[in-house]
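In what follows, every chain begins at residue 1, and chains take the letters A, B, ... in the order their sequences are listed.
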Amino acid sequence: MPATSAGMTLERSARGHYSGVMNSPAIAKTKRRGVAIDAAAARPALLLAWYDRHRRRLPWRPPPGEAADPYRVWLSEIMLQQTGVKTVGPYFEKFVARWPDVEAMARASLDDVLRMWAGLGYYSRARNLHACAVAVRRDHRGVFPDSEEGLRALPGIGPYTAAAIAAIAFGRRTMPVDGNIERVVSRLFAVEEPLPQAKPLIQQLATTLLGASRAGDSAQALMDLGSSICTPKKPACALCPLNDECAARGRGDQEIFPRKAPKKTGTLRRGAAFVVTRGNELLVRTRPEKGLLGGMTEVPTSDWIAAQDDKAALQQAPTVKGIARWHRKAGVVTHVFTHFPLELVVCTANVPARTRAPEGMRWVPIATLAGEAFPNLMRKVIAHGLRV
DNA sequence: GAGTCGTGGCC
DNA sequence: TGGCCAAGACT
């Protein structure tokens, strides 16, 4: 497959199809009629015209015609990585209210950022968010780089996010390709090659949808299209500005795109969690900086392994003086991570006032648990353990 | 390149 | 209701 490059000509196979791609009916029709204009050339304008009428109003988007704030674009793009618009909204508002610009965030502590991020998931994003703010202040005088390359060098900014910020905030002529755009483009061109192998091809095809200007709007148009019309299931093709151009719709099998390589699901892991109270306080610790739920707060637990023996898990209970006996709560707490499902049994105990926390652990008032950096798994565990 | 990394919503 | 999906990055 040819390398990604804007404006590159696609190779055609002997059968008259683009490599891994079906011809769009519009192109074929144009050729049969012998019309000189290439229908494909009109797509960027069709897309932008649709966007100007139907763009979503989102907290990080300025009013039409106004320049985007790179800080808000960056913050929203990080939050939106693998996370829905609806979920991100309140978090975005909370963040910009507390930290109105990148320098303010750079002055905040990592702990404060993690606490504000709690519940959003993928916590390395919060760590990189803070590191990025610090880097922009320290290495770029508080001003975001305006090139894809400069952005790409910052923590937490990969190929997609660098292109998105460059296009949306700085008007650079580049096309970020996210899950929405992959779906729209793979249907538009009926890309038969499965993901993720098809990524370079899709990047190249997506770039053909950029017009001469308004790169950021072109990208956001495709994202809005993918989110509201060209949806994974039951796409509303009748409302799509590119429906006449769409190869998949021409064949009537839109929903089979994008093709994807089958994914394997992880095996169940099990363990035990220990909810220890001291009056109105709860025993907690902080997870290691890196890895699963890195840097987040948790109650002590056993290890989580596939062939977990209940007895072995319970033997990993923390050693706290004053615990007469453990109470095993009925039922289990279940949680599904991307790569494995988890099942935790919950044991509880209460200890006398002034009992000391074991090494590496601490007591926190139950009344302030909402402000702790607990991932949702731990909120479920604690709710289960404290339930009467 | 394939694994690792959360969470909520959807049908 | 369980699998799929969502504006991916990092190793």
For A/Trp117 and A/Tyr91, I'd like to know if the aromatic rings sit close, meaning centre-to-centre distance below 6.0 Å.
no

A/Pro159 side chain: which of C/dA9, C/dA6, B/dG8 is closest?
C/dA9

Verdict with reasoning, A/Asp253 to A/Arg187, per salt bridge (Lys or Arg N to Asp or Glu O under 4.0 Å)
CA-CA 9 Å; A/Asp253 58 357; A/Arg187 287 173 177 168; over 6 Å; no

Under 3.5 Å donor-acceptor pair, A/Thr338 side-chain atoms to B/dG6 base atoms
yes

Could you work out which one of C/dA6, B/dG6, B/dT4 sits closest to the side chain of A/His335?
B/dG6

Without decimals, in angstroms, what is the distance between A/Tyr122 OH and C/dC10 P?
14 Å

Inter-nucleotide P distance (B/dG3, C/dC4), Å rounded:
16 Å

Please report, rounded to the nearest Å, how far the C1' atom of C/dC5 is from the CZ atom of A/Arg259.
18 Å

Under 4.0 Å between any heavy atoms, over every strand shown, what does A/Leu293 touch: base, sugar-phosphate, or nothing? Just pick one.
sugar-phosphate

Nearest-neighbour nucleotide for the A/Gln81 side chain, C/dA6, C/dG8, B/dG6 considered:
C/dG8

Among C/dA9, B/dG8, C/dC5, find the nucleotide with the atom closest to the side chain of A/Asn376.
B/dG8

Identify which nucleotide among C/dT11, B/dG8, B/dT7 has an atom closest to any side-chain atom of A/Lys290, counting heavy atoms from C-beta outward.
C/dT11

Within the 4.0 Å heavy-atom criterion, would you say A/Pro196 contacts the bases, only the backbone, or no part of the nucleic acid?
nothing

Closest approach to the side chain of A/Arg152, judged atom by atom: which nucleotide of B/dG8, C/dC5, C/dC10 is it?
C/dC10

Any side-chain donor near an acceptor of the partner, A/Arg125 and A/Gln82, under 3.5 Å:
no

Do A/Thr83 side-chain and B/dG8 base share a donor-acceptor contact under 3.5 Å?
no

Heavy atoms only, 4.0 Å cut-off, all strands: where does A/Gly119 land among base, sugar-phosphate and nothing?
sugar-phosphate

Mind checking A/Trp117 for me? I need base, sugar-phosphate or nothing, with any heavy atom below 4.0 Å counting as a touch.
nothing

Select one nucleotide: of C/dC10, C/dA6, B/dC5, the one nearest the side-chain heavy atoms of A/Asn128.
C/dC10

Which part of the nucleic acid does A/Thr161 contact within heavy-atom distance under 4.0 Å: base, sugar-phosphate only, or nothing?
sugar-phosphate

Nearest-Å distance once atom P is located in both B/dG6 and C/dT11:
14 Å

From the candidates C/dC5, C/dG8, B/dT7, the one with an atom nearest any side-chain atom of A/Tyr123 is B/dT7

Which part of the nucleic acid, if any, lies within contact of A/Gly294, taking any heavy atom under 4.0 Å across all strands shown: a base, the sugar-phosphate backbone alone, or nothing?
nothing

Short side-chain donor-acceptor distance under 3.5 Å, A/Lys329 and A/His384:
no

Tell me whether A/Asp224 contacts the main-chain N or O of A/Arg56 through its side chain, where contact means a donor paired with an acceptor under 3.5 Å.
yes

Report yes if a side-chain nitrogen or oxygen of A/His339 is closer than 4.0 Å to either non-bridging phosphate oxygen (OP1 or OP2) of B/dC5; otherwise report no.
yes

Nearest heavy-atom neighbours spanning A/Tyr123 and A/Asn376
OH-N, 4.5 Å

Note: for A/Pro155 and A/Arg61 on DNA chain C, the residue whose nearest nucleotide lies more 5' is A/Arg61

